[in-house]
Amino acid sequence: MPTRRSMNQALVAAAAALLPGTASAQALPRARSVVLVHGLFADGSCWSEVIPRLQAAGLDATSVQNPLTTLEEAVASARRVLARQEGPTVLVGHSFSGMIVTEVGADPKVGALVYVAARAPDAGEDYAALAGTFPTPPASAGIVYDGDEGRLTEAAFLRDFAGDLPPDRARVLFAVQQPFRKALLTGRTTRAAWRSKPSFYAVSTEDRTIDPDLERFMAKRMNAKTVELKASHLSLISQPQAVADLILEAAGRKPGRP
């Protein structure tokens, strides 16, 4: 009898076979700027290990302070930052902000998309329903609410969100965790930029916040150039050079150095 994992693997293959042609990662415009968007349980400082590596390669990098209120407000925040950029721009999203990248990435200024252990829904897709076809990640049990605001408990943050970081470093990140509003999780994208833009995906193989097989499914479905990192959900902090190198590739640049 087929297992859930084997059924999901078959789903990945079927999706790839049926997907209309998506943009390849060839003939990329040489980007001048990178816009980075954070997801749940974080703030803009989570890109602090990646940004110096992009700047060293000559790129202008800006981290969006995602309000985590509603998808519409988060999209508007990213669009305001994107509008300030000069020339071709790479749009990068971690975790939940893959929703934002998928929506905002259709802007003609965006030359390529990068997803870092991120959601990558299709237009109008119910992401929760898609995620429900894969095993529930352990971090989900650690979400607690204070009225309308959700956050991760410290135990879940250290174990399931930042599991491969030194505890002292993880506790600092926990201390700056930004709460999200329940309404944020109800939004759906109206477009899927990955259907027309070159896309890149960094899968976290040790992820306990988004199931790694779900990440693989989304990466395969979008025909993304994919790398697999032996990392927690926070690969952008535990493996910043690998994440920066993928962004540099999307920007049409040579990988940098540690």
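Rounding to the nearest 0.5 angstrom, the gap separating the OG atom in S97 from the OH atom in Y115 is 9.5 Å. Note that OG of S199 is 4.0 Å distant from CG of L113, once rounded to the nearest 0.5 Å. Atoms CZ and CG, from F41 and L152 in turn, are 4.0 Å apart once rounded to the nearest 0.5 Å. Of the inter-residue distances, the one linking L59 atom CG with L248 atom CG reads 6.0 Å to the nearest 0.5 angstrom. Distance check, rounded to the nearest 0.5 Å: OG1 of T102 to CH2 of W194 gives 8.0 Å. Put simply, NZ on K182 and OG1 on T70 are 16.0 Å apart, with the number rounded to the nearest 0.5 Å.
The backbone N or O of G105 sits less than 3.5 Å from a side-chain atom of K197, completing a donor-acceptor pair. A donor-acceptor pair under 3.5 Å is formed between the side chain of T189 and the backbone N or O of D122. No donor-acceptor pair closer than 3.5 Å links the side chain of E215 to the backbone N or O of V203. Proximity of a side-chain donor or acceptor of D207 to a complementary backbone N or O of I210 within less than 3.5 Å is detected. A distance-only check finds no donor-acceptor pair linking the side chain of T136 to the backbone of F134 [under 3.5 Å].
Residues R32 and Q85 have side chains that never bring a donor and an acceptor to within less than 3.5 angstrom of each other. Under 3.5 Å, the side chains of E73 and T69 contain a donor-acceptor pair of N or O atoms.
Of all heavy-atom pairs between I100 and V37, the closest is CD1-CG1, 3.9 Å. The shortest non-hydrogen separation linking P121 to A192 is O-CB, 4.1 Å. Smallest separation of non-hydrogen atoms from L40 and F161: O-CZ, 3.7 Å. A74 and N66 make their closest contact through CB-OD1, 3.3 Å (heavy atoms, listed as atom of the first residue, atom of the second, distance). Smallest separation of non-hydrogen atoms from K109 and A83: NZ-O, 3.2 Å. Closest approach of A118 and G93 over heavy atoms only: CB-O, 3.5 Å.
The salt bridge (Lys or Arg N to Asp or Glu O under 4.0 Å) check on K230 picks up E206, with sequence neighbours excluded. Partners of S45 by side chain to side chain contact (heavy atoms under 4.5 Å, CB included), not counting sequence neighbours, listed by chain and number: D43, V176. By the side-chain hydrogen bond (donor to acceptor under 3.5 Å, both in side chains) test, D160 pairs with R208, sequence neighbours left out. Shown here are the side-chain hydrogen bond (donor to acceptor under 3.5 Å, both in side chains) partners of S232, two or more places apart in sequence or in another chain: D164. Legend: residues meeting ring pair (Phe, Tyr, Trp, His ring centres under 6.0 Å) with H94, ordered by chain and number and at least two apart, are H233. Applying the ring pair (Phe, Tyr, Trp, His ring centres under 6.0 Å) rule to Y127 yields no partners; only residues at least two apart in sequence or on another chain are considered. Shown here are the side chain to side chain contact (heavy atoms under 4.5 Å, CB included) partners of A155, two or more places apart in sequence or in another chain: T153, R159. A42 meets the side chain to side chain contact (heavy atoms under 4.5 Å, CB included) test with H38, C46; sequence neighbours excluded. In this structure E154 satisfies the side chain to side chain contact (heavy atoms under 4.5 Å, CB included) test together with L158, R171, F174, sequence neighbours excluded.
Ion pairing of R191 with E103 is present here, as a side-chain N (NZ or NE/NH1/NH2) and a carboxylate O approach within less than 4.0 Å.
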Test log, rule side-chain contact (heavy atoms from CB on, under 4.5 Å), inputs V90 and V110
CA-CA 6 Å; V90 175; V110 176; over 6 Å; no

What verdict does the side-chain contact (heavy atoms from CB on, under 4.5 Å) test give for L130 and F217, after you've listed the backbone C-alpha separation in whole Å, the side-chain angles of each residue and the deciding distance to 0.1 Å?
CA-CA 10 Å; L130 172 64; F217 168 80; 3.6 Å; yes

Decide side-chain contact (heavy atoms from CB on, under 4.5 Å) for D60 and L54; before the verdict, give the C-alpha distance in whole Å, the side-chain angles of both, and the deciding distance to 0.1 Å.
CA-CA 7 Å; D60 292 326; L54 302 180; over 6 Å; no

Please walk me through it: do V35 and V92 pass side-chain contact (heavy atoms from CB on, under 4.5 Å)?
CA-CA 6 Å; V35 171; V92 186; over 6 Å; no

Atom pairs and distances, donor-acceptor, side-chain atoms in residues 137-149, under 3.5 Å, two or more places apart:
from: S140; atom 1: OG; to: P137; atom 2: O; distance (Å): 3.4
from: D146; atom 1: OD2; to: R151; atom 2: NE; distance (Å): 3.1

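Other residues, nucleotides and ligands place more than 12 heavy atoms under 6.0 Å from the CZ atom of R253.
Within the structure, ring-ring contact (aromatic ring centres under 6.0 Å, His included) pairs that include any residue of residues 54-83 do not occur (at least two apart or interchain). For residues 57-81, no residue pair satisfies the ring-ring contact (aromatic ring centres under 6.0 Å, His included) rule, not counting sequence neighbours.
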